[in-house]
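Residue numbers begin at 1 in each chain, while the letters A, B, ... track the order of the sequences. Because the structure is a prediction, the values reported are computed rather than measured.
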Amino acid sequence: MAPSRLLPRPLMSSEQRKAFPFSEFEPKWQGEWEASKAYRTPNPGDTDFDASKPKYFVLDMFPYPSGNGLHVGHPEGYTATDIIGRFKKMNGFNVLHPMGWDAFGLPAEQYAIKTGTHPRVTTEANVANFTKQLKSLGFAYDWDREVNTTDPGYFKWTQWIFLKLYNSYVGDDGKAHPISELEAQGLSRVEIDHRRLAYVSEAPVNWCPQLGTVLANEEVVDGKSEVGGFPVERRPMRQWMLRITAFAERLVKDLEGLDWPDSIKLLQTDWIGRSEGAFVDFEIVHSRSVVVNTQWHPAGSQVVPSNSPLPLHLDPIRVFTTRPDTLFGAEYVVLAPEHPLIAQMLGASVIPTQWPTGTPDSWKGTNENVRDPYNAVSAYCTQASNKKERDRLQEGGKTKTGVFTGVYARNPVCPTKLIPIWVADYVLVGYGTGAIMAVPAHDDRDFEFAQKFELPITQVVQPSSGQNWQGYTGEGIAMNSDFLNGLPTPEAKKKIAAWLEEQGLGKGTTNFKLRDWLFSRQRYWGEPFPIVWENGQHRGLAESELPLLPPTLEDFKPTGTPEPPLSKATEWVQYSATAKRELNTMPQWAGSCWYYLRYCDARNSERFVGEAAEKYWMGGGKPGGVDLYVGGTEHAVLHLLYARFWHKVLFDLGYVSTPEPFQRLVNQGLILGEDGQKMSKSRGNVVNPDDVVREYGADALRLYEMFMGPLEQVKPWSMKGVEGVYRFLARVWRLVMEVDDEGAWSLSKALQDVPANKQLTKALHETIKKCGEDIEKLSFNTAISQMMVCTNAFTGAEVKPAAAIVTFLKVLSPFAPHLAEELNAQIRSKFPALAAKRFLSDETWPAYDPAALIEDEVEVVFQVNGKLRDKARVPIAATKEEIEKIALASARVQEFMDGKPAKKVIVVPGKLVNVVV
RNA sequence: GCCGAUGUGGUGAAAUGGUAAACACAGCAGACUUAAAAUCUGCUACAAGGAAACUUGUUUGCCGGUUCGAGUCCGGCCAUCGGCACCA
């Protein structure tokens, strides 16, 4: 028989295993905070609102409540903002720190398709789960301000803002104005529809058959949908667009005044892609205009006259270029395959049915069977339009293809010089004018193309330093350029732009990469458009008809055609005998474009946000209203750009008081799995916050996430690290509590109402100082290590001074609010005068005493030639001369001076002495 | 290809141009314990020498520069990660 002690022992209750009873007091305090509405934030107009306090609006990117629940990445940013919010509150600010749900979106809809469960049901369940999880972490949110984008009381205003966009245009001042101004000017319906910020377009879009919806360019990655990775094809469809491009200039410029990381500003700037240049018009010389000899063509051929008697007017080819100074080097013109002029030229038989005499074979395209330009061009264009975006990029990488149209254009600076017009898909229809002038000598792409297709390459820029001019794209001195010769690039640009304008051949202009925002989706679970169609025309609903609820549908499946699922709600669709509703819904971005505004006044049923509330919470004299916005980098471009756009429209129309929404932005870094890989189910390295809370408590989770490293950095998870901060919290617990004879926790006898000694006082005040500074800088990891140092100092003391420990708990409370609150309450039971009366969050952040930080003596290091050789403690008040004397007297210093005289002695008081020999 | 971020012990990391490695994790040793866990105390960048206290040298991706002094500033390169990708 085995000795009894080797038998499995009865399982200890989990309470006994715990180093401190967090699982008891954490829910207890959460309950108390909730019951007493400890974190309710009064609004202007409320009886308990104190207008004398400054405001601090600290915002998290609100989550999509997925079925998977919270992952450890969520609490990273949320804890950071929670600490800041609690800290600011203790420093006398009115703090707005809300939470809500970005709950429209594809997963709930796809789940509905699979199971038949209505997305509203799924969403409600997920929100309930997320709420429970977030509450278990003790965040100081004002839950009375919770918003949910799928709540009719919320999306009523999303629809309302859409109507504002629909009923606005951008004037010459670059600002949004009500469309009524145009009506007053007597503009026609068509003209007005052309100016609206929300307009209908037939442009080719990214259609994803599997998802049954179109996607914005930004939602397509490598020709596949960002969600799900399904193939995406291009097809023309009628869609709602938002005219964000009208704000491109301001969206770049206004970044200046924001406290955002430079890298994020750069990302947005690059995305918007502003470039200055000029439009230049190239007249198309064709058989139905005037016949002109080609000057330079290798075969010296002529454009073949057709037998068509009627002259035909064709608009010139307008190109955009950032290098108008190289116009003399333009050797050919390229149209994007989708360029409207191509269809026009094909239709009007401008593109000939025979290659001009002497056309090199390389110009005739790759299709062997096509023997004439007409068919070569149409074949090339068909092929290009069928190609998915992905193939255009992937197919042979970036090898250039193209075909000569058989038609020539006139170079405006050199009317006798005719240059061939090509079609090639390296020119994108969506950028600039969809056409370019090719200057092979000074553009990489044109250079590559010209080499491949044996087109002439003429130097027009002399590089400043002796680089090879072929393919030189930098600035230099103009040459072979008539009246530009000898001018440096910037001057040449100015001169040619002025000349073009004078001649009516072109115009200086600014262009952007940014395209208008494709705003409609063929989905069920999104905001319906407040639009009806009658007699082929759209019209906005009256405000009084909002919110427009989605129809109740049993069948959410995509129709398999571009017809949205809402078409299945036949009754709902029929607005009146003659009018039908718009069937598209808004994209998920819509709700997140303005949620921060709703938080200011979440229950207002009269207005999207009350005026006084908006002025107070979003005001403050800075361009951005939200004081701190924390979220992931994945939203660095889209969400932030869209929200800024909407905000500017609302600002122009006078609905909000700042031109920008977010003043300070911080991106938290991704948390990786313990294996250093991205957390994912398939890798099996996902950490569930619920498990961490169960094992170590919410405070330990919060603290660990902040202790891991700098907030912005990508960092791997470590359960051992969680244990480390858990042990720290247990040490704090034992400063106050000890196990009594019954094995229960009771107040420590070492805890006494005595003043702290000099050493402890210093440690405490250093901690107050450093933590305050570090919280402002969001350097939570170093703040925590300072609290550890402080705790270690207190642990080493025989007697624990109660008042000093309460002060310490105040500093700890933003980080570990439950433990701090519990220990404060424990101390209050014996020392009511020393502890906080109610909650620590009601207390004032302690002030540090600079005098407590100063010591009588400091350690000064002595260097010889920059190398550390000796140290000594010297009085803090010692003069430079005295310190120098002490240093030179040091035996070690003398030894390393090796008898040589000191050439120079640098003395940094309180720090070091460096003797140079 | 272009743009950006990062690079420091076995690990996460810290350092207004002024003692590199604070604070943790892991490891080692000791105390407590019948024992273990927990807790407490100490050691712990690397190399060489020394019984030891200690001494000397080297070290912040690599190469150079500025400076009395560089992880930090400047120039060049390399690697990893992220973004963009024919934007004229």
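As rounded to the nearest Å, B:G64 and B:G10 have P atoms that lie 24 Å from one another. Taking the P atoms as reference points, B:A79 lies 16 Å from B:C63, given to the whole Å. When the P atom is used for both B:A22 and B:A14, the distance is 13 Å, rounded to whole Å. Nucleotides B:U19 and B:C28 have their P atoms positioned 33 Å apart, rounded to a whole Å. Using C1' as the reference atom, B:A20 and B:A36 are 39 Å apart when rounded to the nearest Å.
The side chain of A:T322 sits closest to B:A88 out of B:A88, B:C23, B:G4. Looking at the side chain of A:W271, the nearest of the listed nucleotides B:U56, B:C84, B:A88 is B:C84. When distances run from any side-chain atom of A:I906 to the nucleotides B:G18, B:A24, B:G12, the shortest one goes to B:G18. Closest contact between the side chain of A:F707 and the listed nucleotides B:A14, B:C68, B:G12 involves B:G12. Among the nucleotides B:U58, B:G4, B:A88, the one closest to any side-chain atom of A:V427 is B:A88. Out of B:G4, B:U39, B:A88, the shortest distance to the side chain of A:R727 is found at B:U39. Among the nucleotides B:A13, B:C84, B:G18, the one closest to any side-chain atom of A:N781 is B:A13. Of the candidate nucleotides B:C86, B:U19, B:C84, B:C86 has the atom nearest to the side chain of A:D425. The side chain of A:P710 lies closest to B:A13, out of B:U56, B:A13, B:C3. Checking B:G18, B:A88, B:A13 against the side-chain heavy atoms of A:I436 singles out B:A88 as nearest.
Between A:K400 and A:E448 there is a salt bridge, since at least one side-chain N of the basic residue sits less than 4.0 Å from a carboxylate O of the acidic one. A salt bridge does not link A:R683 with A:E674: none of the charged nitrogens is closer than 4.0 Å to a carboxylate oxygen. Salt bridge A:R734/A:E738: absent, no basic N to carboxylate O contact under 4.0 Å. Checked for salt-bridge contact, A:K493 and A:D325 miss the test: no charged N lies under 4.0 Å from a carboxylate O.
No side-chain N or O of A:E705 forms a donor-acceptor pair with one of A:T79 less than 3.5 Å apart. Side-chain contact of A:S275 with A:N511: a donor-acceptor pair under 3.5 Å is absent, judged by distance alone.
Using a 4.0 Å cut-off, some side-chain N or O of A:R731 falls inside it from OP1 or OP2 of B:C40. The phosphate of B:C68 (OP1 or OP2) has a side-chain N or O of A:K904 nearer than 4.0 angstrom. Close to B:A26, at under 4.0 Å from its OP1 or OP2, lies a side-chain N or O of A:K720. For the OP1/OP2 pair of B:C40 and a distance below 4.0 Å, the side-chain nitrogens and oxygens of A:T795 include no atom meeting the criterion. The side chain of A:Q713 contributes an N or O atom lying less than 4.0 Å from OP1 or OP2 of B:A13. Between A:R892 and B:U56 there is a side-chain N or O to OP1 or OP2 distance below 4.0 Å. Neither OP1 nor OP2 of B:A88 sits under 4.0 Å from any side-chain N or O of A:Y426.
If you take CG on A:N685 and CD on A:Q677, they are separated by 7.5 Å, rounding to the nearest 0.5 Å.
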Per-nucleotide pairing state of RNA chain B [Watson-Crick or G-U, under 3.5 Å; [ ] pseudoknot-crossing; | other strand]: (((((((..(((.....[....))).(((((.......))))).(((((....)))))..(((((..]....))))))))))))....
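Anti is the conformation of B:G61, whose glycosidic angle sits further than 90° from 0.
Figure legend: A:R869 and A:F896 shown as a cation-pi pair, the cationic atom lying under 6.0 angstrom from the six-membered ring centre and within 45 degrees of its axis.
Panel note: side chain A:H635, backbone A:L640; no donor-acceptor pair is recorded below 3.5 Å.
Contacts between residues 910-917 of chain A and RNA chain B, counted as heavy-atom distances below 4.0 Å, involve A:K911, A:L912, A:N914, A:V916.
Here the options are A:Y696, A:W717, A:F728, the test is ring pair (Phe, Tyr, Trp, His ring centres under 6.0 Å), and the partner is A:Y704; only A:W717 passes.
A donor-acceptor contact under 3.5 Å links the side chain of A:K400 to the base of B:C86. For a distance-only test at 3.5 Å, the side chain of A:E859 qualifies as a donor-acceptor partner of the base of B:U19.
For A:K452, the NZ atom counts as densely surrounded, since its 6.0 Å shell holds more than 12 non-hydrogen atoms of other residues, nucleotides or ligands.
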